[in-house]
Amino acid sequence: MATLLDNIDNIDNTGDTGDIHNIDNIDNIDNTGDTGDIHNTGDIGTSVTPAGAATRRPVSGAVHSWDLSTGVDGPGTRFVTFLAGCPLTCLYCHNVDTLRMRSGTRMSADDLAAEAGKYTTFIRAAGGGATISGGEPLLQPVFAGELFHRFKHGLGLHTALDTSGFLGARATDSLLRDVDLVLLDIKSWDRATYRRVTGRPLQPTLDFARRLADLGKEVHVRFVLVPGLTDDPANVDGVASFAASLGNVSRVDVLPFHKLGEAKWQALGKPFTLHDTPSPTPEQAASAREIFTSHGLWAV
């Protein structure tokens, strides 16, 4: 019998951005209620958390890796958990090795919290916290929710969710209550460009952004500036205007496109279609930031 991970792998991004990514297929296998095989890892502790109480099972998920970072994944020094699996196929993805859930290692929420607990004194002193990234964390919403609950209530850490927002409908209100900050990637305002970049439609991300605004949840918008792809001033202005309309965006990160992840694409035998695309010049990045600041946003 196929496991949940096998089913997810069957619909995961193998390069084709067509119907293989139909969101209905993902919906049928995701762990939003019945936690299925992905959560069955044996005895991982006795703590009772929202998902644990609902499922009466220990909760685990597919984890690519974890790391300590400073100034990249939220404020201060942070314990960053990279979950495996993502429904997008971004042309410039620098974590392409996280796209398949099958590539991840099963870890329990308790084990990850215990690992983060080793660094809490240092993290607090550095004004940091814990971030869940990926991949796409909301592909595993129950597991992500369990981690946030442990990081926030068990360890007393500031929490951040790094997401494309495409699966924002999977984030329950309970999960979001344990999130202090959302790092939201809005990759393009032009719909055709967004689909070209990600293989997915833009609207779910916009819907999630508006929901976060209604909840008063702090958001940092992230926008990757790719020359010849996302750098059209009208495209940048569209993202800026939308972000400014929300009222809860406290920062915008204009991220210059780079090719540091190209070697990962090559190692996986995948073509990196932006090989000949240059990084934006400092002047191009400054111009993009000026568009965001013209809308009253703080852009860095």
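Position 1 is the first residue of the sequence; numbering continues from there.
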J.: Using atom types as modelled and distance alone, determine if a side-chain donor or acceptor of T120 lies under 3.5 Å from a backbone N or O of G117.
T.: yes
J.: So which pairs with a foot in residues 170-192 pass ring-ring contact (aromatic ring centres under 6.0 Å, His included), sequence neighbours left out?
T.: W189-F242
J.: Are side-chain heavy atoms of R200 and T89 found at a separation under 4.5 Å?
T.: no
J.: Side chains of F292 and L297: closer than 4.5 Å at any heavy-atom pair?
T.: yes
J.: Look at the aromatic rings of F257 and F272 and report parallel, tilted or perpendicular, splitting at 30° and 60°.
T.: parallel
J.: Show me the pairs that pass salt bridge (charged side-chain N to carboxylate O under 4.0 Å, His left out) and involve residues 151-165, at least two apart or across chains.
T.: K152-D180, D162-R222
J.: With a 4.5 Å heavy-atom cut-off, do V59 and S108 have their side chains touching?
T.: no
J.: Which salt bridge (charged side-chain N to carboxylate O under 4.0 Å, His left out) pairs, counting each pair once, include a residue from residues 112-139, with sequence neighbours left out?
T.: E115-K118
J.: Can you sort out the partners of A286 under side-chain contact (heavy atoms from CB on, under 4.5 Å), two or more places apart, ordered by chain and number?
T.: R289
J.: With distance as the sole test, does Q140 use its side chain to make a donor-acceptor pair with the main-chain N or O of A84 at under 3.5 Å?
T.: yes
J.: Which residues satisfy the side-chain hydrogen bond (donor to acceptor under 3.5 Å, both in side chains) test with N248, sequence neighbours excluded?
T.: none
J.: List the steps, then state whether side-chain contact (heavy atoms from CB on, under 4.5 Å) holds for L212 with L176.
T.: CA-CA 9 Å; L212 293 173; L176 292 174; 4.1 Å; yes
J.: Taking all heavy atoms of L155 and all of A113, pick out the closest pair and write down the distance.
T.: CD1-O, 3.6 Å
J.: Does the side chain of L225 reach to within under 4.5 Å of the side chain of P256, using non-hydrogen atoms?
T.: no
J.: Which heavy atom in L157 sits nearest to a heavy atom in A130, and how many Å separate them?
T.: CD1-CB, 4.1 Å
J.: Within a reach of under 6.0 Å around CZ of R211, are more than 12 heavy atoms found that belong to other residues, nucleotides or ligands?
T.: yes
J.: Let's go through T81 and F151 carefully: what are the C-alpha distance in whole Å and the side-chain angles of both, what is the deciding distance for side-chain contact (heavy atoms from CB on, under 4.5 Å) to 0.1 Å, and is it a yes or a no?
T.: CA-CA 11 Å; T81 305; F151 292 152; 4.0 Å; yes
J.: Could you identify which residues cluster with F122, counting Ile, Leu, Val, Met, Phe, Trp and Tyr as linked when any side-chain heavy atoms lie under 4.5 Å apart, either directly or through a chain of such contacts?
T.: none
J.: Can you name the ring pair (Phe, Tyr, Trp, His ring centres under 6.0 Å) partners of F82, sequence neighbours left out?
T.: none
J.: Minimum heavy-atom separation for P227 and S279, please, with both atom names.
T.: CG-C, 3.9 Å
J.: From L255 CG over to K187 NZ, what is the distance, rounded to the nearest 0.5 angstrom?
T.: 9.5 Å
J.: Who pairs with Y119 by ring pair (Phe, Tyr, Trp, His ring centres under 6.0 Å), at least two apart in sequence or on another chain?
T.: W66
J.: Among all residues two or more places apart in sequence or in another chain, which pass the side-chain hydrogen bond (donor to acceptor under 3.5 Å, both in side chains) test with K217?
T.: none
J.: Taking all atoms of both residues into account, what is the closest heavy-atom pair of T230 and F223, and its distance?
T.: O-CZ, 3.3 Å
J.: Under the rule for side-chain contact (heavy atoms from CB on, under 4.5 Å), what residues qualify as partners of V300, not counting sequence neighbours?
T.: R251, D253, W298
J.: With the side chain counted from C-beta on, respond yes when F143 and V63 share a heavy-atom pair under 4.5 Å apart, and no when they do not.
T.: yes
J.: Heavy atoms, side chains only, cut-off 4.5 Å: are D178 and H153 in contact?
T.: yes
J.: Looking at every heavy atom in both L184 and V219, which two are closest together, and how far apart are they?
T.: CB-CG1, 4.0 Å
J.: Under 3.5 Å, is there a donor-acceptor pair between the R78 and T131 side chains?
T.: yes
J.: So, using side-chain contact (heavy atoms from CB on, under 4.5 Å) as the criterion, who are the partners of S250 when residues are at least two apart?
T.: E218, H220
J.: Is the side chain of S287 donor-acceptor paired with the backbone N or O of E283 at a distance under 3.5 Å, no angle test?
T.: yes
J.: Is there a side-chain contact between T163 and L183 in this structure, where contact means two heavy atoms from C-beta onward sitting under 4.5 Å apart?
T.: no
J.: With the side chain counted from C-beta on, respond yes when L229 and T277 share a heavy-atom pair under 4.5 Å apart, and no when they do not.
T.: no
J.: I need the minimum non-hydrogen distance between V254 and A288, along with the two atoms involved.
T.: CG1-CB, 4.1 Å
J.: Not counting sequence neighbours, which residues clear side-chain contact (heavy atoms from CB on, under 4.5 Å) with D190? List them please.
T.: S188, A192, T193, N235
